[in-house]
Amino acid sequence: MSDRRERAQRPAGEYRIEDLAHASGTTVRNIRAYADRGLLPRPERRGRTNVYGDEHLARLRQIAGLLDRGYTLASIKELLEAWDAGRGLGGVLGLVAEVQGPWSDEESGQLTRAELAELFGGAADESAVEEAVELGVLERVPGEPDLFLVPSPQQLTVAAELHAAGVPFAAITGQLRQLRLRVEEIAAGLLDFTAEYVFQRYLDHPPSDAEATEAAGLVRRLRPLAQQTMDAELARAMRTLATRQLHEHLTGPPQPPAAAPAAVPVSLPAATVAAVRDLVGPAATAEFVTSATEREVHKRRMDTLATGGGRETGPAGPVSPAGPAGPR
């Protein structure tokens with residue numbers, strides 16, 4: 001009864017810590033933790049009692065709202081410091097919401113364990129489920145052991161199609177890990193690019209509320225461009241490389257060019273070499289000897305064909321068309 005009378009006698013807008021916890025919907029322990037982190041201004045000290053005001057209640061409601069939106073206490077402290085510095089929270093929160101919001105139009109879904117097994121052809125692989133949870137492809141629902149959140153149903157469908165085509169679970173998750181590393185490198189490059197050429201004017205000083213609102217609008221406009229660029233470049237690369245790979249499988253790898261016949265050293269009489277050199281000059285000596293040799297070889301081959309060397313032969317030599325003994 002004394003506590004109720006004391007609360008009734010206290011001026012409006014003044015709270016003890018227990019009353020503040022009740023009014024804000026939080027706990028005394030949380031209020032003290034927020035104060036220790038610098039999220040709440042110090043209360044007024046009256047004798048042995050800490051007295052809180054409406055500004056503390058408003059701040060607690062701000063903190064609760066930001067926590068509900070997924071902000072950490074560290075990021076909440078930065079935002080509240082921006083508010084206290086007079087920069088406002090509207091633009092800052094809008095910018096953070098644009099950056100932290102979904103970067104695609106795909107909507108998340110839910111899947112039961114039975115539906116998950118059916119999607120993968122009845123295969124029940126708990127280790128694969130655990131790895132999918134680790135990679136964020138699936139998310140567990142607290143208190144629901146047989147229910148999963150699916151942040152990207154498209155990604156899960158791709159995995160199911162690959163498994164149906166004969167790809168093992170371990171190969172699918174291994175490929176996803178490699179792909180994620182490469183895509184994160186590309187994303188880092190795109191972010192550095194836009195930070196340098198688009199957002200640098202907002203990053204070299206604490207942005208005002210108007211600047212943060214303007215930057216949020218730019219993020220909203222430019223955000224789809226990342227996915228569009230990746231889609232176009234991936235389609236181009238897949239077409240080029242798949243065509244090349246198919247061609248190599250159908251025709252075989254390209255053959256290296258035929259090597260020129262190896263040169264074989266041949267000893268010639270010095271007088272012969274000297275005579276050729278005097279005839280055609282030192283620069284053309286080797287070419288002249290080669291040409292003369294090839295002409296002689298060709299001539300002898302023609303002579304052999306002309307004298308019957310190209311006709312069918314038997315054990316005793318050439319056989320003429322008229323018979324073994326020839327005409328008489």
Side-chain angles (χ1 to χ4, degrees), residues 13 15 20 23-26 30-31 33-43 52-109 136 139 149-155 180 183-234:
Y15 309 89
L20 182 64
S24 62
T26 187
N30 283 343
I31 293 175
Y34 298 156
D36 290 341
R37 288 176 174 265
L39 299 175
L40 285 176
R42 292 185 177 276
Y52 297 84
D54 286 336
E55 70 275 13
H56 296 92
L57 180 60
R59 178 57 56 89
L60 286 172
R61 288 171 175 168
Q62 283 179 332
I63 294 172
L66 292 170
L67 287 172
D68 289 341
R69 296 176 66 173
Y71 293 98
T72 65
L73 290 178
S75 61
I76 290 174
K77 183 177 181 181
E78 293 178 0
L79 293 173
L80 293 177
E81 287 174 352
W83 175 276
D84 292 338
R87 296 199 298 271
L89 273 180
V92 174
L93 290 179
L95 176 58
V96 174
E98 287 296 337
V99 172
Q100 291 187 343
W103 282 63
S104 73
D105 296 331
E106 186 179 13
E107 296 183 359
S108 61
E139 295 180 4
L149 293 176
V150 185
S152 174
Q154 292 179 0
Q155 189 177 53
R180 183 167 293 180
V183 171
E184 286 178 356
E185 290 178 1
I186 295 172
L190 290 174
L191 288 174
D192 289 343
F193 172 79
T194 54
E196 178 179 359
Y197 291 103
V198 180
F199 295 103
Q200 186 59 45
R201 60 182 180 270
Y202 305 107
L203 301 175
D204 56 4
H205 65 280
S208 66
D209 194 54
E211 288 175 325
T213 301
E214 183 179 350
L218 279 172
V219 172
R220 187 164 49 253
R221 284 171 47 201
L222 298 179
R223 185 170 56 192
L225 300 184
Q227 184 173 358
Q228 293 170 10
T229 301
M230 285 292 294
D231 287 347
E233 282 301 307
L234 180 61

Residues forming a side-chain contact (heavy atoms from CB on, under 4.5 Å) with A23, sequence neighbours excluded: Y15, L57
L67 and L73: CA distance, side-chain angles, deciding distance, side chain to side chain contact (heavy atoms under 4.5 Å, CB included) verdict: CA-CA 8 Å; L67 287 172; L73 290 178; 4.0 Å; yes
Non-neighbouring partners of Q228 that pass side-chain contact (heavy atoms from CB on, under 4.5 Å), sequence neighbours left out: P224, L225
Distance (rounded to the nearest 0.5 Å) between I76 CD1 and L66 CG: 5.0 Å
Neighbour count above 12 (heavy atom, 6.0 Å) for Q200 CD: yes
Gap separating the OH atom of Y34 from the OG1 atom of T26, nearest 0.5 angstrom: 4.5 Å
Greater than 12 external heavy atoms within 6.0 Å of R221's CZ: no
Partner set under side-chain hydrogen bond (donor to acceptor under 3.5 Å, both in side chains) for E55, not counting sequence neighbours: none
Residues forming a side-chain hydrogen bond (donor to acceptor under 3.5 Å, both in side chains) with S24, sequence neighbours excluded: none
N/O donor-acceptor pair under 3.5 Å between H56 side chain and L40 backbone: no
E214 CD to F199 CZ distance, which is reported to the nearest 0.5 Å: 10.0 Å
Taking every non-hydrogen atom, the tightest pair across W103 and Q227: O-OE1, 3.6 Å
Nearest-0.5 Å distance, CD1 of residue I186 to CE of residue M230: 4.0 Å
More than 12 heavy atoms from other groups under 6.0 Å of CG on D105: no
With sequence neighbours excluded, residues passing side-chain contact (heavy atoms from CB on, under 4.5 Å) with E106: S104, S152, P153, Q154
Sequence-distant partners of L149, side-chain contact (heavy atoms from CB on, under 4.5 Å), two or more places apart: Q110, E139, V141
Test side-chain hydrogen bond (donor to acceptor under 3.5 Å, both in side chains) applied to Q155 - qualifying residues, sequence neighbours left out: none
R37: partners by salt bridge (charged side-chain N to carboxylate O under 4.0 Å, His left out), with sequence neighbours left out: none
Pairwise distance CG(L20) to CG(L60) - rounded to 0.5 angstrom: 5.0 Å
side-chain hydrogen bond (donor to acceptor under 3.5 Å, both in side chains) partners of R61, counting only residues at least two apart: none
